[in-house]
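Structure record follows, encoded as structure tokens.
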Amino acid sequence: MGPNRMDLTIYGFCRLHIRMIEETLTPFIAVKFQRANQDSRRLICSVATEPLPKQVEESKMDAPKEIFLKDYKLPDYCFDTVDLNFSLGEEKTIVSSKITVFPRVEGSSAPLVLDGSNLKLISIKINSEELKNKDYHLDSRHLKIQSPPTGTFSLDIVTEIYPQKNTSLEGLYKSSGNFCTQCEAEGFRKITFYQDRPDIMAKYTCRIEADKSLYPVLLSNGNLIEQGDLEDGKHYALWEDPFKKPSYLFALVAGQLESRDDTFVTRSGRNVSLRIWTPAQDVQKTAHAMFALKAAMKWDEDVFGLEYDLDLFNIVAVPDFNMGAMENKSLNIFNSKLVLASPETASDADYAAILGVIGHEYFHNWTGNRVTCRDWFQLSLKEGLTVFRDQEFSSDMGSRTVKRIADVSKLRNYQFPQDAGPMAHPVRPHSYIKMDNFYTVTGAEVVRMYKTLLGSHGFRKGMDLYFKRHDGQAVTCEDFFAAMRDANDADFANFLLWYSQAGTPRVKVTSSYNAEARTFSLKFSQEVPPTPGQPIKEPMFIPVALGLLDSSGKDMPLSSVYQDGTLRSITSNNQPIYTTVLSITKKEEEFVFSDILERPVPSILRGYSAPIRLESDLSDSDLFFLLAHDSDEFNRWEAGQVLARKLMLSLVADFQQNKPLALNPKFVNGLRSILGDSSLDKEFIAKAITLPGEGEIMDLMEVADPDAVHAVRSFIRKRLASELKPELLNTVENNRSSEEYVFNHLNMARRALKNVALAYLASLEDEELTNLALHEYRTATNMTEQFAALVAIAQNPGKTRDEVLADFYNKWQHDFLVVNKWFALQASSDIPGNVENVRALLNHPAFDLRNPNKARDQKSVYSLIGGFCGSPVNFHAKDGSGYNFLGEIVVQLDKINPQVASRMVSAFSRWRRYDETRQALAKAQLEMIMSTNGLSENVFEIASKSLAA
């Protein structure tokens, strides 16, 4: 499914303001973040909040029940075929299902238990014979057939549902005139009684009947078999999916839609019809999405040999879709945010997000649909693998280095803090109350480590074996591991700990050079800090990509390395090797390189080859050397980030002791050299001159101090802007363009660098520079540059800021996607006392907290409330105003959409990281939330674990 797939889920909150320019406006940063509703994204199991007819009303919520991986049991019954018939009505919908059922073990006499939620049972038959009341038991969550036949039988069930009243946007719901489904993770049980679990895979047909004038388009999975008109102005469509799938991949859409049509010819010569369906007024904004789909289809063939398997592929984009996107077999459904784009209304980040998410959902056709997960504990099996695939796709379509920087930044800013808090959990958790609270972006990093260890060729061999073994099956993380291991005859030792052990490994490295022996040694030590429920940790399997630089900055050829009594040759086919991968599998290990003619500077963890926190004995001089010379651009950026983190932490200590702040001239000169290096990719330069975020610095402190970190980061930005003013002015001037907007790497890189430079300059609060930003705002011909100028202006409170914000809203008030950018910008602002501004925006006519049936309004909630939580200095205000505001909102939201509320309450999860005053204020809000009557399972799980930590 497609983070915060948010994921924009992903998963974390939107940190805009200046960081919006520094991160979001560089192309590939937002690809997953747009799905954070995703990476919250996806596995939503919220309960409908509007009252339903008495017959289908849910009983009062039971005490939250924890589900354990160890309790998994194979189903007693399997389903072979499922024939569905929908009669869509304005007041109610009748759903008829005919299921072919057979016992997993021949002769079994176990009861058949079906899941169901908010359903009115009309009839139930076995082998065409209607059951009597005594033959089954029905409660608010299950339908139990006491004694089904011992062999294969047909099960016919007719239910009545009320999509118009389904405010959870899960199952079948109606919004803005369209019927739509969302079934991951457990939404199918809101459509009909079923074994709603991913290991029940069956072949589906779906017949849809509806009023033709109201719903001219009727879509479902697979191929369109038949369609025609009926009496009373109705029509029907019959769809057949020839591939087995779990119920979470079922999809249905009916409504007033039009399509952009195209074709794709597969490598075997089949013609595939491609259609992107939207409301009529949006079709013109789907050209980029169609480009992204065709690019993804070709890339999957070229890189993984995976060809699309049907003759039709549909995408539907509607504004009222709760998820970021969903990979239903052959009928992907998206929120409009992740499909619609035009230069006037969408930024480079939006275009990049669309590219990545369209690719992500398409790639699920094989990694998630053809091979799915056995149970929801195995979520990483499909999500981690598919996120890795879309990261590789986006890398190949743009800058691989910048994409890697973006993904690692997200990992550090969102995942690492969670891994160090009360919600820490393994990639595959041992238990959950709500699975949507447990997605982790580390899953993609685990897949990447397979590729790092095996190389591209070995990884492809493992993927080929995985599909050969498991096509059409529901499998586990161990099955993927076994395919990688067996295809390459590899020894992965304790690699599976990445799936079962929580926390971020901390690795320390010390180096020494023996001039006489011409050897260079690296000693590694690792530990994983204790996490809730796992106080004692075992050493992890950590691949460390490494190179050595000589005194001129050149990579040194590596010939052999000695480890644990074994000398291993590094050379390959007599070709020099400059980067090797060391496998760290023990608590302490030493590697000794021979034939090293001078003391090198090590480039450690190239390409960020493992999701760890690394500490080394590299001096500042070594880091400046790597910043200037490392051939691995990721590590070149990383050297600058390490220097910046050290500088910021040092200045925070000075600030706390009331010492004057001073900027190291070597740091300024290092950034000046990067800014002036014409050989570097401009997008890389934009990233290299961007400081670490405030959250990242606070995460490194024993007691987080939001005020000190904000003051220091603001000081450094302004000093850099002042010291580098001539270079920054030249950067803005030299990267203007009057040419028509083009989405390609060259143009995105130019805009990214210009926008970062403009943000630095505008921070100086100089009238001349404010006028420069105003000029860029007024003359911009695309949303990327106009919004970047708006962000630059908006960092400084005053009349100009207010006027430009008003002008922007007046211009774009009729485009809700653009208005959400406007909300997020103001919400995440660091201007003093911003909580009152955000409270005022709650009453803005474009914002509606209480409309749960509008996914567009949920996006506004993420933009406004989530954006506010992204400003540490205001959310963590010493007077508790930020905490009070969020506490009130969480309680209101929980009664409307528990999943959204749970995303918000997670901002409290690390309250113990702060000073005693803030701890008391945050704890009081958590206790208030916990005392609320009717609290959802989603919020209960996070709030209770946060308090107990």
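When a residue number appears, it is its place in the shown sequence, counting from 1. Everything quoted here is computed from the prediction, not taken from an experiment.
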Just verifying a value: how many Å separate [X] [atom1] and [Y] [atom2], rounded to the nearest 0.5 Å?
{"X": "F875", "Y": "S828", "atom1": "CZ", "atom2": "OG", "value": "14.0 Å"}
{"X": "N328", "Y": "N369", "atom1": "CG", "atom2": "CG", "value": "8.0 Å"}
{"X": "R189", "Y": "L119", "atom1": "CZ", "atom2": "CG", "value": "10.0 Å"}
{"X": "N820", "Y": "Y862", "atom1": "CG", "atom2": "OH", "value": "12.5 Å"}
{"X": "T386", "Y": "H360", "atom1": "OG1", "atom2": "NE2", "value": "5.0 Å"}
{"X": "E184", "Y": "K382", "atom1": "CD", "atom2": "NZ", "value": "3.5 Å"}

Please identify each residue that fulfils side chain to side chain contact (heavy atoms under 4.5 Å, CB included) with [X], with sequence neighbours left out.
{"X": "L926", "result": "V905, F908, W911, A943, S946, L947"}
{"X": "Q418", "result": "Q415, M423, H425"}
{"X": "P505", "result": "W498, V528, M540, I542, I612"}
{"X": "I536", "result": "none"}

> What pair of heavy atoms forms the shortest contact from A353 to L338, and how long is it?
Replying inline: CB-CD2, 4.2 Å
> What is the minimum heavy-atom distance between E937 and I433, and which atoms define it?
Replying inline: CB-CG2, 3.9 Å
4.5 Å side-chain heavy-atom contact, [X] and [Y]:
{"X": "E327", "Y": "F363", "answer": "no"}
{"X": "L935", "Y": "I929", "answer": "yes"}
{"X": "S117", "Y": "K190", "answer": "yes"}
{"X": "M904", "Y": "L886", "answer": "yes"}
{"X": "P529", "Y": "R506", "answer": "yes"}

[X] (side chain) donor-acceptor with [Y] (main chain) under 3.5 angstrom:
{"X": "Q391", "Y": "D407", "result": "no"}
{"X": "R913", "Y": "E702", "result": "yes"}
{"X": "D115", "Y": "Q195", "result": "no"}
{"X": "N494", "Y": "L497", "result": "no"}
{"X": "Q919", "Y": "Y914", "result": "yes"}
{"X": "Q501", "Y": "E538", "result": "yes"}

>> Could you work out, with side-chain hydrogen bond (donor to acceptor under 3.5 Å, both in side chains) as the rule, every residue matching T159, not counting sequence neighbours?
In response: none
List for me each residue that meets salt bridge (charged side-chain N to carboxylate O under 4.0 Å, His left out) alongside [X], sequence neighbours excluded, and say none if there are none.
{"X": "K144", "result": "none"}
{"X": "D199", "result": "R197"}
{"X": "E888", "result": "R839"}

>> Please tell me whether E694 and H876 have a donor and an acceptor in their side chains that are separated by less than 3.5 angstrom.
In response: no
>> Whether the T531 and K537 side chains hold a donor-acceptor pair (N or O, under 3.5 Å, no angle test) is what I'd like checked.
In response: yes
Taking ring-ring contact (aromatic ring centres under 6.0 Å, His included) as the test, write out the residues that go with [X], two or more places apart.
{"X": "F193", "value": "none"}
{"X": "Y77", "value": "none"}
{"X": "F188", "value": "Y194, F250"}

> Can R412 and D699 be counted as an ion pair, charged N to O under 4.0 angstrom?
Replying inline: no
>> With salt bridge (charged side-chain N to carboxylate O under 4.0 Å, His left out) as the rule and sequence neighbours excluded, what pairs involving residues 417-432 come up?
In response: R428-E478
>> Looking only at the aromatic ring of each residue, does the gap between the centers of F68 and Y432 stay below 6.0 angstrom?
In response: no
> Is the distance between the ring centroids of F885 and F868 under 6.0 Å?
Replying inline: yes
> Is there a side-chain hydrogen bond (donor to acceptor under 3.5 Å, both in side chains) between T476 and D479 once you walk through the steps?
Replying inline: CA-CA 5 Å; T476 66; D479 292 316; 3.1 Å; yes
>> Could you check whether R374 makes a cation-pi contact with Y72, meaning its NZ or CZ is under 6.0 Å from the centre of the six-membered ring and within 45° of the ring axis?
In response: yes
>> Against I889, only a single residue in I865, V861, L864 fulfils side chain to side chain contact (heavy atoms under 4.5 Å, CB included); can you say which?
In response: I865
